[in-house]
Amino acid sequence: MNTIESILNDIDELLEDSWSLPLSGGRCVVDAEKVRDLIDSIRMNMPNEIKQARAVVADRNQILSLAKGEAEALIRKAEERAKQLLEQESIVRQANAKAMALLNDASTRAQQLVEDAQKQAEQTVNDAEAKVTAIRTEASTRSREMKQASYEFAENILRTSQEVVAKSLGNITTTRQALAQAASQAGLREEPLEK
């Protein structure tokens with residue numbers, strides 16, 4: 001009986017023996033009847049291959065089931081042995097003593113950790129307050145410096161503006177007087193210009 005693998009090998013040989021069509025981009029001519037026969041053979045042999053695969057899966061499931069049963073039996077034995085050991089009085093006393101020692105040690109360590117955390121928190125708060133005070137002092141100093149600088153800047157601007165205005169007023173007065181004098185000489189104005 002042919003297997004699917006051997007039938008596929010036959011198809012491969014059939015393709016190897018085929019001849020290529022010129023200028024067809026790699027296409028070839030095969031015996032369509034032989035290909036159909038080989039495909040029919042695959043279809044006829046397929047159920048056997050599938051049955052074999054199912055048998056392998058069933059064997060695997062049986063092996064897994066047996067392994068699971070053995071594992072459960074081993075677990076039960078281990079649990080029984082552990083129960084026997086725990087029921088022994090000396091082991092229980094030792095376990096209790098060890099548990100108490102561990103509990104005391106854990107309590108002492110926890111207390112130490114709490115105290116250390118409180119000290120660290122207090123130090124952090126003190127450091128933060130010192131930084132805040134330093135920042136406030138620096139901010140106050142800078143604020144005073146900025147106010148002083150603003151005052152001096154405004155004073156300089158106002159002084160400069162006053163000087164420019166005074167100079168401009170002087171120029172205006174001089175120009176008005178010259179204009180009035182020229183008008184008076186030309187007989188256009190009889191009253192002298194007020195200063």
Side-chain angles (χ1 to χ4, degrees), residues 1-140:
M1 175 182 267
N2 289 336
T3 64
I4 291 176
E5 185 67 31
S6 66
I7 296 169
L8 290 173
N9 288 338
D10 291 342
I11 292 173
D12 196 33
E13 287 177 12
L14 183 64
L15 291 173
E16 288 283 332
D17 294 337
S18 64
W19 50 276
S20 298
L21 291 172
L23 304 173
S24 66
R27 294 184 183 183
C28 58
V29 176
V30 294
D31 187 344
E33 193 61 36
K34 284 184 180 179
V35 172
R36 284 193 191 96
D37 289 341
L38 291 170
I39 290 171
D40 288 340
S41 295
I42 289 174
R43 287 188 179 125
M44 288 179 6
N45 285 290
M46 187 71 77
N48 291 333
E49 300 288 339
I50 292 172
K51 284 178 186 176
Q52 290 174 2
R54 286 181 180 163
V56 168
V57 170
D59 288 344
R60 179 179 148 278
N61 290 339
Q62 186 178 6
I63 291 168
L64 287 174
S65 178
L66 289 173
K68 184 178 177 184
E70 290 177 3
E72 288 173 353
L74 286 172
I75 290 169
R76 279 194 300 273
K77 285 181 183 179
E79 288 174 347
E80 289 171 4
R81 179 67 179 146
K83 188 176 179 182
Q84 290 172 0
L85 290 173
L86 287 174
E87 288 172 353
Q88 295 176 6
E89 186 178 348
S90 63
I91 293 176
V92 171
R93 276 199 309 263
Q94 290 174 3
N96 285 337
K98 192 169 186 179
M100 286 302 294
L102 288 171
L103 184 60
N104 290 336
D105 184 50
S107 178
T108 303
R109 288 188 182 189
Q111 183 64 32
Q112 185 62 46
L113 287 172
V114 168
E115 290 174 3
D116 291 344
Q118 286 175 342
K119 288 178 184 175
Q120 189 174 4
E122 288 174 3
Q123 184 62 45
T124 302
V125 168
N126 291 338
D127 292 345
E129 287 176 350
K131 285 182 181 178
V132 167
T133 301
I135 290 170
R136 283 182 179 164
T137 302
E138 185 178 352
S140 178

query: Sequence neighbours excluded, which residues qualify as side chain to side chain contact (heavy atoms under 4.5 Å, CB included) partners of Glu115?
result: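 Only Gln111, Gln112 meet the side chain to side chain contact (heavy atoms under 4.5 Å, CB included) criterion with Glu115.
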Say you draw a straight line from [atom1] of [X] to [atom2] of [Y]; how long is it, rounded to the nearest 0.5 Å?
X	Y	atom1	atom2	value
Asn96	Met100	CG	CE	9.0 Å
Leu14	Asn9	CG	CG	12.5 Å
Ser6	Ile11	OG	CD1	10.0 Å
Glu72	Glu79	CD	CD	10.5 Å
Arg81	Lys77	CZ	NZ	13.0 Å

query: Side chains of Val125 and Glu129: does their closest heavy-atom pair fall under 4.5 Å?
result: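 Touching, per the 4.5 Å side-chain cut-off.
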query: Is it true that the side chains of Gln123 and Asp127 contain a donor and an acceptor less than 3.5 Å apart?
result: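 Per modelled atom types, Gln123 and Asp127 side chains form a pair under 3.5 Å.
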field: With sequence neighbours excluded, residues passing salt bridge (Lys or Arg N to Asp or Glu O under 4.0 Å) with Asp105
entry: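 Listed in chain order: Arg109.
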Donor-acceptor contact present, side-chain [X] to main-chain [Y], <3.5 Å:
X	Y	result
Thr108	Asn104	yes
Ser65	Asn61	no
Ser140	Arg136	no

field: Val35 and its side chain to side chain contact (heavy atoms under 4.5 Å, CB included) partner, picked from Ile39, Leu38, Asp37
entry: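 Result: among Ile39, Leu38, Asp37, Ile39 is the only option passing the side chain to side chain contact (heavy atoms under 4.5 Å, CB included) with Val35.
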